[in-house]
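Below: the structure, in structure tokens.
Chain identifiers are assigned alphabetically (A, B, ...) following the order of the sequence lines, protein sequences preceding nucleic acid strands; residue numbering begins at 1 within each chain. Since this is a predicted model, take the numbers as computed values, not measurements.
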Amino acid sequence: MAKYLFLKHYRGAPTPENDTPMDQWTPEEFTAHVQFMSDFADRLEASGEFVDGQALAPDGLWVRYDGPGRPPVTDGPFAETKDLIAGWMIVDVDSQQRAIELAGELSAAPGAGGEPIHEWLEVRPFLTAPPTITD
Amino acid sequence: MGEADLRALVPRVLSVLVRRGADFATAEDAVQEALIRALSRWDTDPPHDPEGWLVTVAWRAFLDLARSESTRRDREVRIGGEPPTGSASGVDDTLHLYFLCAHPELSPSSAVALTLRAVGGLTTRQIAEAYLVPEATMAQRISRAKRTVARSGLDRPGDVQTVMRVLYLVFNEGYSGQVDLAAEAIRLTRQLAGFVDAPEVDGLLALMLLHHARRPSRTRPDGGIVPLAEQDRTRWETELVAEGVAILQRALVRDRLGEYQAQAAIAALHADAPRFADTDWVQIVEWYDELLGFADTAITRLNRAVAVGHADGGPAGLAALAEVPEGTPRRTAVAAHLHERCGDLELAARLYAVAASEATSLAERDHQTRQAARVNQMLAEIDPS
């Protein structure tokens, strides 16, 4: 088994095919989208492949250490940040192929007109603990 | 014996150990061990005397813990003989535990965790699941909390005010794991109301019951929010409403008003309306004015602006909203709602979309997005170009 992270982006991913913003969908289309996402997570839980899923607010800060005895420096949020993570899902699957298959299904969530949004998802494998047997 | 009955024994057992001379922190660990053993064993092998069983097992666990600790740290631990299980004053002891766990030097999250374990009798795992953190993290939070309580002195515990704040926090957390925190908060508040004679505690209990009554109608099957205006009121639990109203009325006649009673009164007025359109908004605004006298917070002013919008119309609501500081959570959502009431659909749709981006929960974000979509659809129907 290997863990994969599916990253959703507010910004930074290639523009998907069906790119109408959510507030321009009809309420029924939006409900169908939410239902799809919830069903997808339920299905992965049932198949024993779901680990975690979280959403992030778009606002954030940059923070860094500024020397002993001083408070950290904060900066931002930067409206022009190129890459902005919207949330993630972590799955634990048998193969990279399965991870890709699942990300593909997630990307088919319905959007405007009830058509799949074709959203680009970033799929990243977790680094693992070293194996016990190495020779 | 159900799990709730078992949990109700926990503070009493802990009090017995402390009365026998056990230090609070170790005794609390020992009771937790006994509780976990009871949970795994009682299903198949229930004891005749559950409280006696817990006391015996917890006391043995305490002796083991204390001995290993004294060996490790090479220090004297006061271990008395085994005095009989006195039942001198269970009520005072349990009440003292409430105060201890709501110690003013504890952070809110620590006070909540310690209260749920020592008074509520939940296991560390259950509390961790309820707050979506790893069990090891929650275990550390609880033992740090106990060290703080021990260091700051057991003789300066919290008071009813701090206890009520902790219980309010637990209730507001709702439920996400296997433990229903709202129901647990009600159980603990009901118990507290039996120990102390304070109308505000009754007010808090009434507030919880009245909100709990609406729970079946508050969420959609997919977890989304159903706003008060759209809730199916036939699904409100009338028994809880009746109990909440009765408790509130008994509290109010004693004429020692406070913020929880005022909040409960607002909830009672909502519960009293058979349909949303029947809501007595004028009286609700009056109760918000009372509430401002006790707790002049931005959130109270924001909720008051919503009520004013219903009582006196959108423009009056917007005037009330002007007094709410920018940056108050949900302020944009309320502005969107009030502009919609004023008939400015374009501005309302834009503000709903902004409110979605500012939302602090997924359910709230989805709700505001749905509102934006709804108003945009109305606009498209008016002008299909």
### Task
Taking atom CD1 of B/I382 as the centre, report whether more than 12 heavy atoms of other residues, nucleotides or ligands fall under 6.0 Å from it.
yes
### Task
Could I get the full list of side chain to side chain contact (heavy atoms under 4.5 Å, CB included) partners for B/A316, not counting sequence neighbours?
B/V308, B/D312
May I have a list of the donor-acceptor pairs under 3.5 Å that connect chain A with chain B?
residue	atom	partner	partner atom	Å
A/Y10	OH	B/R365	NH2	2.7
A/D23	O	B/N376	ND2	2.7
A/T31	OG1	B/R370	NH1	2.4
A/L56	O	B/R365	NH2	3.2

### Query
For residues 65-77 of chain A, which residue pairs qualify under side-chain hydrogen bond (donor to acceptor under 3.5 Å, both in side chains), counting only residues two or more places apart or in two chains?
A/R64-A/D66
### Task
Spell out the residues in residues 97-109 of chain A that have some non-hydrogen atom less than 4.5 Å away from a non-hydrogen atom of chain B, in order of number; otherwise answer 'none'.
none
